[in-house]
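This report concerns only the one structure given below.
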Amino acid sequence: MKNERVMVGMSGGVDSSVCAALLLKDGYDVSGVTLRLYDGEDYNSGKTRTCCSLSDVEDARAVCARIGIKHYVFNFKEGFKDSVIDKFIDEYENGRTPNPCIECNRHIKFDAMLLRAETLGYDKIATGHYASVKRDKNGRFLLCRAADTSKDQTYVLYSMTQEQLSKTLFPLGTLTKPQVRKIAEENGFVNAKKPDSQDICFVPDGDYAGFIERFTGKTAKHGNFIDRNGEVLGEHKGVIRYTVGQRKGLGIALGKHAYVIEKNPLDNTVTLGDEEALFYKRVLVNDVNFIPFDELSGSMRVTAKLRYRHREQPAVISKAGDGCVIIEFDEPQRAPSPGQAAVFYDGDIVVGGGTIVKGLE
């Protein structure tokens, strides 16, 4: 429905800028909003550029001025700290590998921002994510893959609810990245050639352990590298410095390649082993959200991916106890990491997803 009021989340990047321009051209009453989520200089020593920087805000404001729409800045730093940063740290300290972008989408962009938009009288929100929303024959909202599969972002959106999908627009779902940049250039946007963000926004240098130590003021406690029989192999520099499947940067020489097989924060050990020990055919998942239906009945043939860059693989999902799901892949998959998301697809439709608990023998 045109003439609806739409609040566009604008990060200062090219995607969200083009999102706003397309909606305006399509007849919507558009305003832009930049979310202040994090003061990077507080914990990154000002060495690297972070998201939510003043330059990002200025870029978003300049685009809004260029196309003649209002621009707002909302301070969501407290909620971002509580829901995203604190959980990120807690997960790492407990031996898991979280995906903070999923938590940001779940708690901030499609929860707090949507609530603020509704409070201010907006009908919908929109973002520059590469994804699409469609409806099935029963009127249920579906999250679908973007046309540009190389940019598809449905993996980090699997937790969206029917309510959120009904009130969200993804104008870039039918476009490729080159098309988006061309639109930005044609509109004379200051960020038309701005590079895409690659890292976690609040850890732009990729040093997760260093960030955690700066943020908490605590130095990670050293412990033992062990093998699968419990024999001590050497000393590690803190469980937060390692991820399941890691080979490089272990700082230990065993005369052969060694991989992180498991992390145990309770006894502060990191288990090393051969790569073959990383492969599992079955994976247990909890905190599951389904989109085309409310609950899984029986089992379902899907494709599933265990990481954002993981090529999805054929599998069957089935119900387990306590609201969990078991993914059984046709072929064993490498390094299902506790804390990461597993997302299920039926063709271009996102069936749902959840958080990896562990690989099952």
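Remember, it's a predicted structure, so these values are computed and weren't measured experimentally.
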Check: Thr154 and Val343 side chains under 4.5 Å, non-hydrogen atoms: no

Atom of Thr243, atom of Lys263 and distance for their closest heavy-atom approach: CA-NZ, 4.3 Å

Whether Asn229 side chain and Glu231 backbone form a donor-acceptor pair below 3.5 Å: no

Same cluster (ILVMFWY, side-chain, under 4.5 Å), Ile108 and Tyr72: yes

Criterion side chain to side chain contact (heavy atoms under 4.5 Å, CB included) on Leu37 and Cys104, from CA distance to verdict: CA-CA 10 Å; Leu37 303 177; Cys104 182; 4.2 Å; yes

Ion pair Arg241/Glu213, N-O distance below 4.0 Å: yes

Non-hydrogen side-chain atoms of Leu157 and Phe110 separated by less than 4.5 Å: yes

Distance-only donor-acceptor check, side chains His129 and Gln153, under 3.5 Å: no

Flag, side chain of Asp148 to backbone of Lys177, donor-acceptor distance under 3.5 Å: yes

Salt bridge Lys167-Glu163, side-chain N to carboxylate O under 4.0 Å: yes

For the student: nearest non-hydrogen atoms of Val156 and Cys101, plus distance: CG1-CB, 4.4 Å

Under 3.5 Å donor-acceptor, Asn289 side chain and Thr161 backbone: no

Full working for salt bridge (charged side-chain N to carboxylate O under 4.0 Å, His left out) between Arg181 and Glu185: CA-CA 6 Å; Arg181 289 205 181 275; Glu185 290 175 357; over 6 Å; no

Pairwise distance CG(Leu306) to CD1(Ile356) - rounded to 0.5 angstrom: 4.5 Å

Glu235 CD to Asn224 CG distance, which is reported to the nearest 0.5 Å: 7.5 Å

Crowding at CZ, Arg311 (>12 non-hydrogen neighbours, <6.0 Å): no

Distance in Å, Asn105 CG paired with Asp111 CG, rounded so as to fall on 0.5 Å steps: 11.0 Å

Donor-acceptor under 3.5 Å (Asp205 side chain, Asp207 main chain): yes

Minimum heavy-atom distance Val6-Ala126, with the two atoms named: CG1-CB, 3.8 Å

Any donor-acceptor pair under 3.5 Å from Asp26 side chain to Leu22 backbone: no

Asn187 (side chain) donor-acceptor with Phe189 (main chain) under 3.5 angstrom: no

Minimum-distance pair of heavy atoms, taken over all atoms of Lys221 and Asn268: O-ND2, 3.3 Å

Carboxylate-amine/guanidinium proximity below 4.0 Å for Asp86 and Lys81: yes

Val84 and Tyr38, any side-chain heavy atoms less than 4.5 Å apart: no

ILVMFWY cluster, Phe344 and Tyr158 together (side-chain gap under 4.5 Å): no

Donor-acceptor pair, side chain of Arg5 and main chain of Asp123, under 3.5 angstrom: no

Chi angles and distances behind the salt bridge (charged side-chain N to carboxylate O under 4.0 Å, His left out) call for Glu103, Arg106: CA-CA 5 Å; Glu103 297 306 312; Arg106 188 198 307 258; 3.5 Å; yes

Electrostatic pair Arg334-Glu275, nearest N-O below 4.0 angstrom: yes

Atom pair SG/NE2 of Cys64 and His71 - distance to nearest 0.5 Å: 5.0 Å

Distance, nearest 0.5 Å, that separates CE of Met160 from OG of Ser166: 9.0 Å

Partner of Phe225 under side chain to side chain contact (heavy atoms under 4.5 Å, CB included), chosen from Leu233, Val232, Thr271: Leu233

Exercise: identify the closest heavy-atom pair between Val8 and Val30: CG2-CG1, 3.6 Å

Closest approach of Val239 to Thr269 (non-hydrogen atoms, all atoms of both residues): CG1-O, 4.0 Å

Close side-chain approach of Lys358 and Tyr280, heavy atoms under 4.5 Å: no

Atom CZ of Arg66 with >12 non-hydrogen neighbours under 6.0 angstrom: no

Pairwise side-chain contact, Phe74 with Leu120, heavy-atom cut-off 4.5 Å (strictly under): yes

Test log, rule ring pair (Phe, Tyr, Trp, His ring centres under 6.0 Å), inputs Phe211 and Tyr92: CA-CA 11 Å; Phe211 167 80; Tyr92 259 103; 9.9 Å; no

Minimum side-chain heavy-atom gap Phe141-Thr168 below 4.5 Å: no

Same apolar cluster (I L V M F W Y, side chains within < 4.5 Å links), Ile85/Met113: yes

Side-chain (Arg228) to main-chain (Asp274) donor-acceptor, under 3.5 angstrom: no

Flag, side chain of Arg140 to backbone of Pro292, donor-acceptor distance under 3.5 Å: yes

pair Arg116-Phe76: side-chain heavy atoms closer than 4.5 Å: yes

Cluster link Leu115 to Val73, ILVMFWY, side chain under 4.5 Å: no

Joint hydrophobic cluster, Val288 plus Val357, side-chain heavy atoms closer than 4.5 Å: no

Charged N-O contact under 4.0 Å between Lys151 and Asp15: no

Pair Phe215 and Phe88, ring centroids less than 6.0 Å apart: no

Validation row: Ser17, Met10 side chains within 4.5 angstrom (heavy atoms): yes

Nearest-0.5 Å distance, CD of residue Gln333 to CD of residue Glu312: 11.0 Å

Exam field: side chain Asn191 to backbone Gly12, donor-acceptor pair closer than 3.5 Å: yes

Within 6.0 Å of NE2 in His257, more than 12 heavy atoms from elsewhere: no

